[in-house]
There are 2 protein chains.
Amino acid sequence: MTDSDIKDGPGPSAAPPGEAARQPYHHGELRPALIRSARALLEEDGLEALSLRAVARRAGVSRQAPYHHFADKHALLAAVATEGFRELAATSLARMQQAPDARARLNASGVAYVVFAAANPSLFQLMFGGLGGRFNQDEALNAARKDAFAVIRAASADVPAVSRGTPDLSAVAAWAFVHGLAELLNKGAIQPRDFGLADAEALADQLIR
Amino acid sequence: MTDSDIKDGPGPSAAPPGEAARQPYHHGELRPALIRSARALLEEDGLEALSLRAVARRAGVSRQAPYHHFADKHALLAAVATEGFRELAATSLARMQQAPDARARLNASGVAYVVFAAANPSLFQLMFGGLGGRFNQDEALNAARKDAFAVIRAASADVPAVSRGTPDLSAVAAWAFVHGLAELLNKGAIQPRDFGLADAEALADQLIR
DNA sequence: CTCCTGATCTTGACGCTGTCATGATCATTC
DNA sequence: GAATGATCATGACAGCGTCAAGATCAGGAG
C-alpha cells in the first residue's frame with residue numbers, strides 16, 4: 001500500500017460527526033459549506049494546521065471535490081479571508097454608529113479593529129498574509145480589504161484635528177497603529193495584563209487617545 | 001519503491017552548489033551552518049516554502065542531521081527568529097546614535113524598525129508568528145524580543161512629551177504604530193508609491209511625526 | 001421516453017513534507 | 001586499543017497538495 005489514503009471521507013451513507021450528513025451524491029451548496037468548514041477548522045486548530053483535505057473531510061466530501069469550486073487551496077483561503085474583511089468592516093460600522101461625534105467614531109473604529117482581531121485570531125492572521133506570496137493576487141480579496149480600510153479612512157477624514165496633514169497619510173497612520181496593536185496582541189508579544197488591564201478591548205480603549 | 005527519498009543530499013564527497021563542500025563526516029559547525037542556510041532559503045523562497053529538508057540539503061547534510069542540534073523544525077525557526085531580533089535591536093541602536101536629541105532618537109528607532117522589516121520581509125514575518133502556536137515557547141526568543149522592545153521603550157521614555165501618560169503605555173503605542181506600519185508595508189496592504197513616496201523608509205519618515 | 005452533455009464528485013497516483021527508529025561513523029576518554 | 005557518546009545517514013510512515021482519469025447525476029434535445 002503505497003498511497004490510497006486509507007479513508008479520506010466516510011462512505012456516501014455514513015454520518016460524519018462534523019458538519020454534513022451528505023445528500024446522496026451532489027451536495028448542492030458545497031462552496032459555502034467548504035468556507036464554513038475552513039473557518040471552523042481555522043479557529044479550532046489554527047492556520048498552520050489547516051489542510052484542504054481536512055476541510056473536505058469535515059464537509060463530508062472527497063479530498064478532490066473542493067477543486068470544482070476553488071482553483072487551489074489558496075483560492076479557498078482567499079475566499080475565507082474576503083469574508084473576514086467584510087465582517088470586519090461591518091462590525092466596525094456597527095460600533096461606530098453608537099458613537100456621539102466624529103472623534104468618538106474614529107476611536108470606535110479602532111477599538112472594533114482590535115476587538116475583531118482578538119475574537120478571530122487565526123482568521124485575522126489569514127487575512128494579513130497567511131497566503132504567502134499570492135496575497136495580492138485575488139481581486140475580491142483586494143476589494144474587500146480596500147473597503148475595510150475605507151471605513152477607517154472615512155472616520156479619520158471626519159476628525160479635523162487628525163487629518164491636518166494629508167488626509168490619506170493620517171488615515172494610514174491610524175490604520176497602522178490599530179493594526180500593529182492587533183498583531184502584537186494577537187501574537188502574544190504584548191499582553192493586556194502586563195498593563196493591569198483585563199482584555200484587548202480595555203488596552204485598545206486606553207491607548208487610542 | 002514506496003519511499004526512500006531517491007536523493008536527499010549528495011554523497012559525502014560531492015560538491016553541492018549551495019553552501020558547503022562537506023568535511024569528511026562530522027561537520028563541526030553544523031548548527032550555525034543550518035541557521036545560515038535557513039536564512040538564505042527564507043529570503044530566497046519565503047517562509048511558506050521553507051522546509052527542514054531543504055535546509056539540510058543546502059547545508060550538504062542528511063535530512064535527519066538537524067535533529068541533533070534542534071528539537072524540531074520549530075526550534076530551528078525559533079533560533080533564526082532570535083537572531084533576527086538581535087539584529088533588529090542592533091541596527092536600531094546604530095541608527096539612534098546618529099540622532100541629535102531624544103525626540104530624533106525615538107523617531108530613528110521607529111524608522112529603523114520599518115526599514116529592517118522592509119529589508120528582511122520573510123525574516124520579519126517569521127519573527128512575528130511564523131511559528132504558529134509555539135510562538136512564546138522558546139526562552140531565548142522571548143528574551144531577544146523583549147530586548148528589542150526595550151530599545152523602543154528606552155527611546156520613548158526619554159521623550160517627555162510622549163511619555164506624559166504611563167511610560168510603558170506610551171512605549172507600547174510607539175511599538176504598535178511602527179509594527180503595524182511594517183506589517184502593512186510588508187504584506188503589500190499599503191504601498192509607498194500610493195502616497196507619492198519612493199520607499200518604505202520615506203513613508204516611515206513622513207508618518208513618524 | 002431515450003440519449004447526450006456538462007457539472008459534480010470519487011479514486012489512484014506522485015512527489016513532497018516532518019519525524020520516528022535504527023544503523024553507521026567518528027572523536028575522545030579510559 | 002577498546003569502549004562510549006556524539007554526530008551523521010537511511011529506511012519507513014502518515015499526511016499534505018494536486019494531476020489524471022473514472023463514476024455519477026441533472027437537465028435539455030430528439
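Naming: A, B, ... by sequence-line order, numbering from 1 per chain. This structure is a prediction, so every number in the text was calculated from the model and none was measured.
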Between Trp175(B) and Phe149(B), what is the ring plane arrangement, given parallel below 30°, perpendicular above 60°, and tilted in between?
parallel
Return the value, rounded to whole Å, for the distance between atom CG of Leu77(B) and atom C1' of dT17(C).
14 Å
Rounded to the nearest 0.5 Å, what separation is found between the CE atom of Met127(B) and the CG atom of Leu77(B)?
13.5 Å
I'd like to know if Lys187(A) pairs up with Glu183(B) as an ion pair, taking the criterion as any Lys NZ or Arg NE/NH1/NH2 lying under 4.0 Å from an Asp or Glu carboxylate oxygen.
no
Can you check the Tyr67(B) OH to dG23(C) P distance for me, whole Å?
20 Å
Select from His69(B) and His68(A) the residue whose nearest nucleotide in DNA chain D is closer to the 5' end of that strand.
His69(B)
Decide, yes or no, whether a salt bridge links Arg95(A) with Glu201(A) under the criterion of side-chain N to carboxylate O below 4.0 Å.
yes
Taking atom P of dG18(C) as reference, at what distance in whole Å does atom CD of Glu48(A) sit?
13 Å
Under 4.0 angstrom, heavy atoms only, what part of the nucleic acid is Ala65(A) near: base, sugar-phosphate, or nothing?
base
OP1 or OP2 of dT10(D) under 4.0 Å from side-chain N/O of Ser62(B)
no
Could you state the CZ-P distance from Arg31(B) to dC8(D), rounded to the nearest angstrom?
13 Å
Provide, to the nearest angstrom, the distance between the CG atom belonging to Leu34(A) and the C1' atom belonging to dT8(C).
12 Å
Would you say the side chain of Arg63(A) and the base of dG15(D) hold a donor-acceptor pair, judged only by whether the two atoms sit under 3.5 Å apart?
no
CG of Asp72(A) versus P of dC16(D): gap in Å, rounded?
17 Å
Between Ser51(B) and Gln64(B), name the one whose nearest nucleotide on DNA chain C is closer to the 5' end.
Ser51(B)
Under the ring-ring contact (aromatic ring centres under 6.0 Å, His included) rule, collect the residues that match up with Phe116(A), sequence neighbours excluded.
none
Ignoring backbone atoms, establish whether Arg57(A) has a side-chain N or O less than 4.0 Å from OP1 or OP2 of dT10(C).
no
Separation of atom CG in Asp45(B) from atom C1' in dC16(C), rounded to whole Å
14 Å
Output the rounded distance in Å from CZ (Phe70(A)) to C1' (dT8(C)).
14 Å
